[in-house]
Trainee: 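Please see the structure below; I have some questions.
As the structure is a prediction and not an experimental result, all values here were calculated from the model.
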Amino acid sequence: MPVHSKLIEAGILALKDTIDGPYLIPGLETSKQGIGGVALGRAFSLLKTRIGLPAEITFHSFRHTVSTQLRNADANIREVWIDGLLGHEATHKSQGTTTYLTSISIANLLQTIEAISYPETAFANMTI
């Protein structure tokens, strides 16, 4: 999965040198199906409470914000790329999509990720 250039500039890739394993955030429990989203959501909830974010802000609301931002972006991004990036089932149900699309290229995922914009202050004076 490509990483947004702003996160790379903030130093997120340095985390990979501090862990032993395939995941950037190690130690998260997985479900019986091997999915780590539930544990990540719980970890997010604890962090957001610690920093004072209101209860109505959820991990899932960030996904919806990104989805909306990408669908409104003035960029050449296909909906199926957005859905693939966010782990959503494709909203576009054409025969070509459901039968013939087997994967989305890393280049297209990177283009989609880079279309996400952040406020100028989001990464000011921040290193990971």
Side-chain angles (χ1 to χ4, degrees):
M1 180 62 64
V3 176
H4 196 287
S5 59
K6 292 284 188 182
L7 293 172
I8 292 171
E9 289 170 18
I12 197 162
L13 294 182
L15 287 177
K16 73 178 178 51
D17 297 330
T18 66
I19 59 169
D20 184 30
Y23 300 108
L24 200 55
I25 303 171
L28 291 176
E29 299 172 15
T30 58
S31 68
K32 291 177 183 174
Q33 295 78 25
I35 299 169
V38 173
L40 186 59
R42 277 195 303 261
F44 172 81
S45 291
L46 290 171
L47 177 63
K48 76 165 181 139
T49 301
R50 251 189 260 148
I51 64 173
L53 291 176
E56 45 287 346
I57 294 178
T58 64
F59 187 73
H60 202 72
S61 66
F62 279 94
R63 288 176 73 201
H64 283 283
T65 299
V66 168
S67 176
T68 300
Q69 188 181 101
L70 289 172
R71 291 173 203 285
N72 289 327
D74 186 23
N76 188 21
I77 302 171
R78 296 181 56 202
E79 277 198 47
V80 70
W81 300 349
I82 297 168
D83 292 335
L85 176 70
L86 297 174
H88 291 158
E89 183 177 333
T91 55
H92 185 73
K93 299 285 188 181
S94 72
Q95 186 66 39
T97 298
T98 56
T99 304
Y100 303 110
L101 182 66
T102 57
S103 66
I104 300 165
S105 74
I106 295 295
N108 290 336
L109 287 174
L110 180 60
Q111 177 184 342
T112 305
I113 286 172
E114 288 297 327
I116 300 169
S117 63
Y118 297 95
E120 287 300 316
T121 58
F123 296 97
N125 301 321
M126 180 180 147
T127 55
I128 297 173

Trainee: Are the side chain of Glu114 and the backbone of Ser5 linked by a donor-acceptor contact shorter than 3.5 Å?
Mentor: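 Checking the backbone N and O of Ser5 against the side chain of Glu114, a donor-acceptor pair under 3.5 Å is found.
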
Trainee: Using atom types as modelled and distance alone, determine if a side-chain donor or acceptor of Ser67 lies under 3.5 Å from a backbone N or O of Arg63.
Mentor: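 No, Ser67 side chain to Arg63 backbone: no donor-acceptor pair under 3.5 Å.
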
Trainee: Run the side chain to side chain donor-acceptor pair (under 3.5 Å) test against Ser45 and tell me which residues pass, sequence neighbours left out.
Mentor: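 For Ser45 there are no side chain to side chain donor-acceptor pair (under 3.5 Å) partners, ignoring immediate neighbours.
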
Trainee: In this structure, would Leu109 and Val66 fall into the same cluster of hydrophobic residues linked by side-chain contacts under 4.5 Å?
Mentor: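 Per the 4.5 Å side-chain linkage, Leu109 and Val66 are co-clustered.
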
Trainee: Would you give the length of the straight line joining atom CG of Asp83 to atom CZ of Arg71, rounded to the nearest 0.5 angstrom?
Mentor: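 Atom-to-atom, Asp83:CG and Arg71:CZ are 4.5 Å apart.
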
Trainee: Would you kindly confirm whether Leu110 and Leu13 end up in one hydrophobic cluster when ILVMFWY residues are joined by side chain heavy atoms under 4.5 Å apart?
Mentor: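 No, Leu110 and Leu13 fall in different hydrophobic clusters.
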
Trainee: With clusters defined by side-chain heavy atoms of hydrophobic residues (ILVMFWY) lying less than 4.5 Å apart, directly or transitively, does Leu86 cluster with Ile77?
Mentor: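 In one cluster with Ile77: Leu86, yes.
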
Trainee: To the closest 0.5 Å, what do you measure between CD1 (Ile104) and CZ (Arg78)?
Mentor: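 Answer rounded to 0.5 Å: 8.0 Å.
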
Trainee: Set out, in order, the CA-CA distance, both residues' side-chain angles and the distance that settles side chain to side chain contact (heavy atoms under 4.5 Å, CB included) for Ile113 and Val3, then state yes or no.
Mentor: CA-CA 7 Å; Ile113 286 172; Val3 176; over 6 Å; no

Trainee: Could you work out, with side chain to side chain donor-acceptor pair (under 3.5 Å) as the rule, every residue matching Gln111, not counting sequence neighbours?
Mentor: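 Partners of Gln111 by the side chain to side chain donor-acceptor pair (under 3.5 Å) criterion come out as none, since no residue qualifies.
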
Trainee: Out of curiosity, Thr65 OG1 to His60 NE2, how far, rounded to the nearest 0.5 Å?
Mentor: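 So the gap between those two atoms works out to 10.5 Å.
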
Trainee: Leu53: what forms a side chain to side chain contact (heavy atoms under 4.5 Å, CB included) with it, not counting sequence neighbours?
Mentor: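 With sequence neighbours excluded, Leu53 shows a side chain to side chain contact (heavy atoms under 4.5 Å, CB included) to Lys48, Ile51, Ile57, given in chain and number order.
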
Trainee: Quick one: list whatever passes side chain to side chain donor-acceptor pair (under 3.5 Å) with Thr18, sequence neighbours left out.
Mentor: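 Counting only residues at least two positions away or on another chain, Thr18 forms no side chain to side chain donor-acceptor pair (under 3.5 Å).
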
Trainee: For Phe62, what residues pass the ring-ring contact (aromatic ring centres under 6.0 Å, His included) criterion, not counting sequence neighbours?
Mentor: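 Phe44.
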
Trainee: Roughly how far apart are His4 NE2 and Thr112 OG1, rounded to 0.5 Å?
Mentor: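 So the NE2 of His4 and the OG1 of Thr112 are separated by 11.0 Å.
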
Trainee: Within the 4.5 Å heavy-atom criterion, are Leu85 and Leu70 side-chain neighbours or not?
Mentor: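 Side-chain contact under 4.5 Å: yes.
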
